[in-house]
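Here the structure is laid out as structure tokens; the discussion comes afterwards.
Note that the numbering runs from 1 along the sequence shown for the chain.
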Amino acid sequence: MQHHSQQHHSEYRPPTLAVDLVAFRVHAGVLEVLLMRRRNEPFAGEWALPGGYNAQGETTMEALSRVARTKVGVNIDADLGFVEQLYTFDTTARDPRGHAVSVVYLGCGFGLDDLVEGDNRHEFRSVDELPPLAFDHGEIVRYARERLASKMSYSTAVYGLLPKEFTLSQVQSAYEAVRGRPMDKRNFRKKLLSLGVIHETGGLWREGAHRPAKLYAFNSRTLQEFDAGM
């Protein structure tokens, strides 16, 4: 009996552990996700989420920070105003090289405009017009957007998509981009101001011939929960 269990143990092979990042931004009123061009097989030359192997001795967040920095030039701490673990994707057939488990993180970054460094070619694409993606990454992006859309109604996850000071129009634009539908301007502003999570900074935003708009900031940069019902 003992011999059998030893034989079984010698056949044990742990799955590969990977990390992937779904980094969203809102640009010109459109929700975009950061993609990179894969350099290696499988799916060499195809678009995918930034990701890589989780080395022994690294937490998944440490691995994510390293992969994001080296492959696409993203500094997780500085460039993402909001980041959290999204889900663990572990279907056994998701990677042709064998069983791979991926811990996926969701991030939102307003400061993701000028990513010039990184080993892999990368660019932002509209989530509504994605190219074919490697592995199951198309499915992951869709799931991440759904999660973000639901978070927008009960937390300040939206602050990751905004500059430190912002106009009410910018907040509404972020909500509309994530939700994929327009919202009534007057109702939106009334509801947002009634929540007590933002304050006027005293600054004004001037753009073109438009009347200057008041600038606001969140009362706290740490995650607050509120029932927006928006």
Side-chain angles (χ1 to χ4, degrees), residues 20-34 49-50 61 64-65 68-69 72-87 104-115 124 126-128 140-141 143-207 212-230:
D20 289 298
L21 173 66
V22 185
F24 288 123
R25 75 171 184 182
V26 172
H27 184 71
V30 174
L31 183 67
E32 297 180 334
V33 65
L34 180 60
L49 293 169
M61 181 54 95
L64 185 80
S65 297
R69 187 179 64 251
V72 289
V74 170
N75 182 320
I76 293 291
D77 296 323
D79 295 333
L80 298 179
F82 174 80
V83 62
E84 71 172 26
Q85 204 173 113
L86 174 71
Y87 195 74
V104 180
Y105 281 82
L106 165 64
C108 296
F110 179 78
L112 289 173
D113 289 335
D114 306 308
L115 302 178
F124 279 91
S126 164
V127 292
D128 294 319
I140 291 175
V141 172
Y143 177 73
R145 186 195 191 161
E146 284 172 19
R147 291 293 307 133
L148 180 60
S150 69
K151 283 179 182 301
M152 300 279 274
S153 66
Y154 68 84
S155 74
T156 47
V158 65
Y159 70 43
L161 298 169
L162 297 168
K164 283 203 165 45
E165 293 190 20
F166 46 82
T167 67
L168 297 182
S169 291
Q170 285 175 305
V171 186
Q172 184 172 341
S173 178
Y175 270 85
E176 290 177 337
V178 172
R179 296 271 178 81
R181 57 180 169 82
M183 304 175 80
D184 179 77
K185 182 175 175 179
R186 203 160 139 236
N187 287 346
F188 180 85
R189 291 181 174 218
K190 190 175 168 190
K191 182 74 184 177
L192 182 63
L193 291 171
S194 73
L195 292 169
V197 292
I198 63 173
H199 61 269
E200 290 183 31
T201 65
L204 292 173
W205 173 270
R206 291 181 175 83
E207 190 175 34
K214 287 179 182 176
L215 285 168
Y216 293 80
F218 282 101
N219 299 340
S220 169
R221 294 301 289 182
T222 57
L223 189 67
Q224 294 170 278
E225 298 225 340
F226 57 83
D227 181 15
M230 289 200 268

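A distance of 6.0 Å or more separates the ring centres of F166 and Y216.
With hydrogens and angles ignored, the 3.5 Å screen pairs no side-chain donor or acceptor of S173 with any backbone N or O of S169. Of the possible polar contacts, none joining the D79 side chain to the G109 backbone as a donor-acceptor pair under 3.5 Å is found.
Residue I198 holds its CD1 atom at 13.5 Å from OG of S220, rounded to the nearest 0.5 Å. With rounding to the nearest 0.5 angstrom, the CD atom of E165 is 3.5 Å from the OG1 atom of T201. Considering NZ of K190 and CG of D184, their distance stands at 10.5 Å, rounded to 0.5 Å. Summarising the geometry, atom CE belonging to M183 is positioned 10.5 Å from atom NZ belonging to K191; distances are rounded to the nearest 0.5 Å. Once rounded to the nearest 0.5 Å, the distance linking CG of L204 with CG of L215 reads 6.5 Å. Between F218 atom CZ and H199 atom NE2 the span is 10.5 Å, to the nearest 0.5 Å.
Using a 4.5 Å heavy-atom cutoff, the side chains of L161 and F110 are not in contact. The side-chain heavy atoms of F124 and V33, taken from C-beta on, include no pair separated by under 4.5 Å. Under the 4.5 Å side-chain criterion, counting only non-hydrogen atoms from C-beta, L86 is in contact with R147. Side-chain contact between F82 and L80 is absent, with no heavy atoms from C-beta onward closer than 4.5 Å. In this structure, M61 and Q85 have side chains that are not in contact, with every pair of non-hydrogen atoms separated by 4.5 Å or more. Between L34 and P50, the closest side-chain pair of non-hydrogen atoms falls below 4.5 Å. A heavy-atom distance below 4.5 Å is found between the side chains of L168 and L193. Residues I76 and L21 meet the side-chain proximity criterion, which asks for heavy atoms closer than 4.5 Å.
Across A174 and V26, no two heavy atoms sit closer than the pair CA-CG2, 4.1 Å. The nearest pair of heavy atoms linking A149 to R179 is O-NE, 3.4 Å. Between F24 and V141, the shortest heavy-atom contact is CZ-O, 4.1 Å. A pairwise comparison of heavy atoms in G196 and N219 identifies O-ND2, 2.8 Å as the closest pair. Heavy atoms only, all atoms of each residue included: A177 and G29 are closest at CB-O, 3.6 Å.
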- Task: Tell me, with the steps shown, if Y105 and L64 meet side chain to side chain contact (heavy atoms under 4.5 Å, CB included).
- Result: CA-CA 8 Å; Y105 281 82; L64 185 80; 3.6 Å; yes
- Message: With side chain to side chain contact (heavy atoms under 4.5 Å, CB included) as the criterion, how do V22 and L49 come out once you've worked through the C-alpha distance, each side chain's angles and the decisive distance to 0.1 Å?
- Response: CA-CA 6 Å; V22 185; L49 293 169; 3.8 Å; yes
- Message: Could you walk me through whether E176 and R181 satisfy the side chain to side chain contact (heavy atoms under 4.5 Å, CB included) test, starting with their C-alpha distance in whole Å, then the side-chain angles of each, then the deciding distance to 0.1 Å, before giving a yes or no?
- Response: CA-CA 5 Å; E176 290 177 337; R181 57 180 169 82; over 6 Å; no
- V104 and Y143: side chain to side chain contact (heavy atoms under 4.5 Å, CB included), yes or no, with the steps? CA-CA 11 Å; V104 180; Y143 177 73; over 6 Å; no
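For D128 and R145, the salt-bridge test passes: some basic side-chain N is under 4.0 Å from an acidic carboxylate O.
With 3.5 Å as the limit, one finds no donor-acceptor pair spanning the side chains of S126 and E32.
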